[in-house]
Every structure is written in C-alpha cells, then in structure tokens.
*Asks:* 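I am attaching a structure below and will ask some questions about it afterwards.
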Amino acid sequence: MAIPRSRSYVGIAKETRPAAGSAPTAVAATDYIPFTSINVLDNIRYLDDKGIRGSMTEEFDVVQGNYHAEVDLTGDVYPDTIGYILSGVLGEVATTGASAPYTHAFNLLNSQASNGQPTTFTISDYYGLGTASTRQFAGCQFADIDFKFTADGLLTYTAKAMAYKSATAANPTPSFSTVTPVPAWSATVSLNGSTSALIADGNCNIARPVTPIFTIDGNQAPYQLFAGPLTVSGSLKLVFESDTELSLYLNNTKPVLSLDWTQGAGAAAVEVKLNMSKCAFTVAKIDRSKDFVELDVTYKALANTTDIGTSGGYSPIKVTLKNAKASGTYA
C-alpha cells in the first residue's frame, strides 16, 4: 500500500559536538518542525571495478567508498523552530529574559575554542512506513538558510544541511507548538536609517560551505563536516518612486537593511528580525515590465563590528528571535 506524504513529520535535537574523527551520537527529537518539503539523501560514493579480465565488457563490480548524507528542508517560518536552523548556520546564540517572551540573538560564531564551528543537530525523518521507520541523520551541519518574502505570502525558507549516514530508530511521538507562521506583509522595513514601505518581495540568503573531510582512518564516514566562512546576500524588488534607492547603488552608500516581523502580545509575542548593518547594492536595475516602475536590487551584507556577539570579530548579519523558548534551547 502506498505511503501518504501527509503522515510524515520531522524532529530535531541539538547534539554535543564530537571530537574530529569521532562519529556523532544521534539524539532523540526534542522538537518538531512543520515543513512543506524535505529531501534526504545518503550520498554513497560507489567505486567501479574496471580491471580488464579478457572479456569485452568493462564493469565487473562496485565497491563502496566514502559516504555522507544531505538534508534539504523547505517550509514556512515559525518564529520558534526556525531558531534551530539559525543556530546551525550562525553558531552563536545569546538569550535574554526571565520569562516568555525570551529574546534570542543569533550572531556569527568566531570563538577560537570551537574553531568557529556551529552547533550540530540530529534530524529525525519519519516517512510513515510503520514501526521503527524513522531515519535519524546525526551530525547535521547546516550550510544554508534562504529566507524569501513576498507581500502577498508567508515568510518562507529553504535550508540545506550535511550529515552522517542515516540510521533507523524508533518512531518518536511528535508534538508541535501552537506558534503560527509569519505573513510577509507584517514586517517593518528600515533602509538606510528610514522606514520604507516600498519593498514588494525579496530574499536573504545566509550561507557557508560545508565540506566533508575524508581521511584514511578505517572509516567510510567523514573525519569532520567542516563549516567554512559565512556570506549573506539577497535581492529586493522595490516600487520605484524616486532616485533614493537607486542612488544607494550609484554612490556605493552601503546602507543598513533591517526587516523585522512581529506578531502577538505579552508572553505570546514573537519576532523574526534580520539586521544587516552594512549592505552593498551591487545591482540596481529599473524594471518597466508592469504598469508601474520597479527597481530590482541585488545586495550583499558586508562583515562589520555591529552585528557581532560575545565571540567578537566581524559578522555580516544579526538575527533576532522572540518566542517562548528558554535559554539553552538552540545552542
């Protein structure tokens, strides 16, 4: 009998990062993330045996080589569960507040003690087959989160992670929060120090390369999944009413760009805020394809000393969440 997609669910839990060369220990899900799409792959390299044996054929066998796993996750942004992915990409989390709503500041981790490596997670993927049909992907190192926003839709994201080869586990019992997703129109946008009502849609991509390091150590698994340097870039489509935004590009002004989504009140208040204190507009193109004129902007956030956390150094972005999750949830 075919398996219904709608019975799937995804769990997540933070790990204690193992030493390089040691396999991560999968941990049971402690929270659950609603999603619209998930793609998982145990990426095994197969090595062909092509040793010539006096016959008019070429491939005689295959031998397993190294392996790693890949997890791609897409969904609407929930201001509580999105924090796991942000922690996995950026690395540093500082939580303030004595009760809900707590405020969580996510910054680029520059600590020497961790060599700048963010928290790793176990993702539990239940695909509805039956008993023990959950696959756990341990050691997940997030490489990318791309926020997308359009005025007539929800704030959404796509995330990518690299992990160790999956293993089956007992099915967890999911429990989802009651926090609702964020409508994109609800954001307050600040550009170059002034509130702007001109942005119609765009994206913000927070990304870093994650490289599986393989060594000759008796293991098919990576010696380490290594997170490289962070970059932040994106695009904006603005209603074109004056040369103000175009001039930011023409004059290389490097404005502050802040997008702040808030909803709810009291203990139920939530927030998702993307703050980039130094942006370069690398393209600004006038678009007349509609009945009204628009400006298509491509930007990149630059490293600065304003968006940093306690580990210091430089960071191109600071992300702030407000929700009911207590300190220690994300990192």
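Quick note: numbers below take in every heavy atom, side chains included, and nothing from hydrogens, waters or symmetry partners.
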*Asks:* Is there a side-chain contact between Val232 and Met276, using heavy atoms and a 4.5 Å cut-off?
*Replies:*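 Heavy-atom side-chain distance check passes, below 4.5 Å.
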*Asks:* Near Glu59 CD, under 6.0 Å, is it more than 12 heavy atoms from other residues, nucleotides or ligands?
*Replies:*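 Atom CD in Glu59 is crowded, with more than 12 foreign heavy atoms closer than 6.0 Å.
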*Asks:* Ala132 and Thr168: which non-hydrogen atoms are nearest, and at how many Å?
*Replies:* O-CB, 4.0 Å
*Asks:* Counting heavy atoms not belonging to Lys14, are there more than 12 under 6.0 Å from its NZ?
*Replies:*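 For Lys14, atom NZ is crowded (more than 12 foreign heavy atoms under 6.0 Å).
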*Asks:* So, are Asp42 and Lys165 salt-bridged, with charged N and O less than 4.0 Å apart?
*Replies:* no
*Asks:* Give me the one residue out of Thr305, Thr306, Asp307 that meets side chain to side chain donor-acceptor pair (under 3.5 Å) with Ser277.
*Replies:* Asp307
*Asks:* Is any side-chain heavy atom of Tyr249 less than 4.5 Å from a side-chain heavy atom of Leu295?
*Replies:*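 Of all side-chain heavy-atom pairs linking Leu295 with Tyr249, none is under 4.5 Å.
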*Asks:* Assert yes or no for the condition that the ring centre distance of Phe147 to Tyr157 is strictly below 6.0 Å.
*Replies:*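 When the ring centroids of Phe147 and Tyr157 are compared, they turn out to be at least 6.0 Å apart.
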*Asks:* Check whether Leu259 and Leu248 end up in the same hydrophobic cluster, where Ile, Leu, Val, Met, Phe, Trp and Tyr are linked by side-chain heavy atoms less than 4.5 Å apart.
*Replies:*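 As far as the 4.5 Å side-chain criterion goes, Leu248 and Leu259 are connected within one cluster.
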*Asks:* Would you mind reporting whether Tyr126 and Ser8 have side-chain heavy atoms less than 4.5 Å apart?
*Replies:* no
*Asks:* Between OG of Ser235 and CG of Asp296, what distance do you get to the nearest 0.5 Å?
*Replies:*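 So the gap between those two atoms works out to 8.0 Å.
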*Asks:* Identify the two heavy atoms, one from Gly313 and one from Asn110, that lie closest to each other, and give their separation to 0.1 Å.
*Replies:*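 Where Gly313 meets Asn110 most closely, the heavy atoms are CA-ND2, 3.9 Å.
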*Asks:* Is a donor on one side and an acceptor on the other found under 3.5 Å between the side chain of Gln136 and the backbone of Ser124?
*Replies:*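 Pair absent, no side-chain N/O of Gln136 close to backbone of Ser124.
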*Asks:* Does Asp31 reach the main-chain N or O of Thr81 with its side chain, forming a donor-acceptor pair under 3.5 Å?
*Replies:* no
*Asks:* side-chain contact (heavy atoms from CB on, under 4.5 Å) for Phe142 and Asp144? Distances and angles first, verdict last.
*Replies:* CA-CA 6 Å; Phe142 281 98; Asp144 181 285; over 6 Å; no
*Asks:* What is the minimum heavy-atom distance between Lys322 and Pro101, and which atoms define it?
*Replies:*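 Shortest heavy-atom separation between Lys322 and Pro101 comes out as CG-CB, 3.5 Å.
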*Asks:* Do Thr134 and Asn171 meet the criterion of a side-chain donor-acceptor pair at a distance under 3.5 Å?
*Replies:*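 Asn171 and Thr134 do have a side-chain donor-acceptor pair below 3.5 Å.
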*Asks:* Suppose we call two aromatic rings close when their centres sit under 6.0 Å apart. Are His104 and Tyr330 close by that rule?
*Replies:* yes
*Asks:* Between Ser315 and Ile317, is there a donor-acceptor pair closer than 3.5 Å when you use the side chain of the first and the backbone of the second?
*Replies:*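 Checking the backbone N and O of Ile317 against the side chain of Ser315, a donor-acceptor pair under 3.5 Å is found.
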*Asks:* Say whether Leu236 and Leu250 are linked into one hydrophobic cluster, either directly or through other cluster members, by side-chain heavy-atom distances under 4.5 angstrom.
*Replies:*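 Yes.
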*Asks:* Show which side-chain atoms of residues 44-52 pair as donor or acceptor with protein atoms under 3.5 Å away, not counting sequence neighbours.
*Replies:*
{"residue": "Tyr46", "atom": "OH", "partner": "Gln64", "partner atom": "NE2", "Å": "3.0"}
{"residue": "Asp49", "atom": "OD1", "partner": "Gly51", "partner atom": "N", "Å": "3.1"}
{"residue": "Asp49", "atom": "OD1", "partner": "Arg53", "partner atom": "NH1", "Å": "3.4"}
{"residue": "Asp49", "atom": "OD2", "partner": "Arg53", "partner atom": "NH2", "Å": "2.9"}

*Asks:* Could you walk me through whether Ser233 and Asn205 satisfy the side-chain contact (heavy atoms from CB on, under 4.5 Å) test, starting with their C-alpha distance in whole Å, then the side-chain angles of each, then the deciding distance to 0.1 Å, before giving a yes or no?
*Replies:* CA-CA 5 Å; Ser233 61; Asn205 182 245; 4.3 Å; yes
*Asks:* Just checking Lys325: does its NZ atom have more than 12 heavy atoms from other residues, nucleotides or ligands closer to it than 6.0 angstrom?
*Replies:* yes
*Asks:* What heavy-atom pair brings Thr215 and Tyr223 nearest, and what distance separates the two atoms?
*Replies:* OG1-CB, 3.7 Å
*Asks:* Just by modelled atom types, is the Gln117 backbone N or O under 3.5 Å from a matching donor or acceptor in the Asn115 side chain?
*Replies:* no
*Asks:* So, the side chain of Ser22 versus the backbone of Pro18: is there a donor-acceptor pair under 3.5 Å, distance only?
*Replies:* no
*Asks:* What orientation do Tyr32 and Tyr9 show, parallel under 30°, tilted 30 to 60°, or perpendicular over 60°?
*Replies:*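 The arrangement is perpendicular - the two ring planes meet at more than 60°.
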*Asks:* Under the 3.5 angstrom rule, does the side chain of Asp217 hit a backbone N or O of Asn219 as a donor-acceptor pair?
*Replies:*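 Yes; at least one donor-acceptor contact below 3.5 Å.
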*Asks:* Answer yes if the side chains of Thr122 and Glu15 hold a donor-acceptor pair under 3.5 Å, and no otherwise.
*Replies:*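 Looking only at side-chain atoms, Glu15 and Thr122 do form a donor-acceptor pair, the distance falling under 3.5 Å.
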*Asks:* Dump the intermediate steps for side-chain contact (heavy atoms from CB on, under 4.5 Å) on Arg17 and Thr119, then the final yes or no.
*Replies:* CA-CA 7 Å; Arg17 176 181 286 277; Thr119 303; over 6 Å; no
*Asks:* Is it the case that the side chains of Thr158 and Asp146 hold a donor-acceptor pair, with the cut-off being a distance below 3.5 Å and no angle test?
*Replies:*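 No, because no side-chain N or O of Asp146 sits under 3.5 Å from a partner of the opposite role on Thr158.
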*Asks:* Is any side-chain heavy atom of Phe106 less than 4.5 Å from a side-chain heavy atom of Leu321?
*Replies:* yes
*Asks:* Angle class for the Tyr84/Phe121 ring planes (parallel below 30°, perpendicular above 60°, tilted otherwise)?
*Replies:*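 Perpendicular, since the angle between the ring planes exceeds 60°.
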*Asks:* Should the pair Phe281 and Tyr299 be assigned to parallel (<30°), tilted (30 to 60°) or perpendicular (>60°) ring geometry?
*Replies:*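 The rings of Phe281 and Tyr299 sit tilted, inter-plane angle from 30° to 60°.
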*Asks:* If the condition is salt bridge (Lys or Arg N to Asp or Glu O under 4.0 Å), which residues does Asp125 pass it with, not counting sequence neighbours?
*Replies:*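 Counting only residues at least two positions away or on another chain, Asp125 forms no salt bridge (Lys or Arg N to Asp or Glu O under 4.0 Å).
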*Asks:* Working note: Asp287 + Lys237, criterion side-chain contact (heavy atoms from CB on, under 4.5 Å); need CA distance, chi angles, decisive distance, verdict.
*Replies:* CA-CA 9 Å; Asp287 178 10; Lys237 182 177 283 292; 3.3 Å; yes
*Asks:* Could you check if a side-chain atom of Ile213 sits within less than 4.5 angstrom of a side-chain atom of Pro222, using non-hydrogen atoms only?
*Replies:* no
*Asks:* Starting from Ile12, can I reach Val10 by hopping between I/L/V/M/F/W/Y residues whose side chains sit under 4.5 Å apart?
*Replies:* yes
*Asks:* Below 4.0 angstrom, N of the basic side chain to O of the carboxylate: do Asp201 and Lys148 qualify?
*Replies:* no
*Asks:* Within a radius of less than 6.0 Å around OH of Tyr314, do more than 12 heavy atoms belonging to other residues, nucleotides or ligands occur?
*Replies:* no
*Asks:* Under 4.5 Å between any side-chain heavy atoms of Val89 and Pro118, yes or no?
*Replies:*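 SC-SC contact between Val89 and Pro118 ruled out.
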*Asks:* Short question: side chain of Thr36, backbone of Thr74 - any donor-acceptor pair under 3.5 Å?
*Replies:* yes
*Asks:* Give the intermediate values and the outcome of side-chain hydrogen bond (donor to acceptor under 3.5 Å, both in side chains) for residues Thr244 and Ser242.
*Replies:* CA-CA 5 Å; Thr244 301; Ser242 73; 2.9 Å; yes
*Asks:* Might you point out which heavy atoms bring Ser311 and Ser111 nearest each other, and give the distance in Å?
*Replies:*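 Here Ser311 and Ser111 meet closest at CB-N, 3.7 Å.
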*Asks:* Passes side-chain hydrogen bond (donor to acceptor under 3.5 Å, both in side chains), Thr310 versus Glu92? Steps please.
*Replies:* CA-CA 8 Å; Thr310 59; Glu92 181 173 321; 3.1 Å; yes
*Asks:* Would you say the side chain of Arg135 lies within less than 4.5 Å of the side chain of Val40, judging by non-hydrogen atoms?
*Replies:* no
*Asks:* State, without any angle test, whether Asn43 and Glu70 hold a side-chain donor-acceptor pair at a distance under 3.5 Å.
*Replies:*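 On atom types as modelled, these side chains qualify, holding a pair under 3.5 Å.
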*Asks:* Could you state the interatomic distance from CG (Asn192) to OG1 (Thr195), rounded to the nearest 0.5 Å?
*Replies:*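 Reported value, rounded in 0.5 Å steps: 12.0 Å.
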*Asks:* Using side-chain hydrogen bond (donor to acceptor under 3.5 Å, both in side chains), reason through Gln141 and Arg208 one step at a time and then give a plain yes or no.
*Replies:* CA-CA 10 Å; Gln141 183 70 76; Arg208 62 196 310 170; over 6 Å; no
*Asks:* What are the two closest non-hydrogen atoms of Tyr164 and Gly139, and how far apart are they?
*Replies:* CD1-CA, 4.1 Å
*Asks:* Compile the donor-acceptor pairs under 3.5 Å between side chains in residues 177-186 and protein atoms, sequence neighbours left out, one pair per line.
*Replies:*
{"residue": "Ser177", "atom": "OG", "partner": "Asp80", "partner atom": "OD2", "Å": "2.6"}
{"residue": "Ser177", "atom": "OG", "partner": "Val179", "partner atom": "N", "Å": "3.4"}
{"residue": "Thr180", "atom": "OG1", "partner": "Gln263", "partner atom": "NE2", "Å": "3.2"}
{"residue": "Ser186", "atom": "OG", "partner": "Pro183", "partner atom": "O", "Å": "2.7"}

*Asks:* May I ask you to test the Pro209-Pro229 pair for a side-chain heavy-atom distance under 4.5 Å?
*Replies:* yes
*Asks:* Between Ser194 and Leu191 (side chain of the first, backbone of the second, donor and acceptor by atom type, cut-off under 3.5 Å), is there such a pair?
*Replies:* no
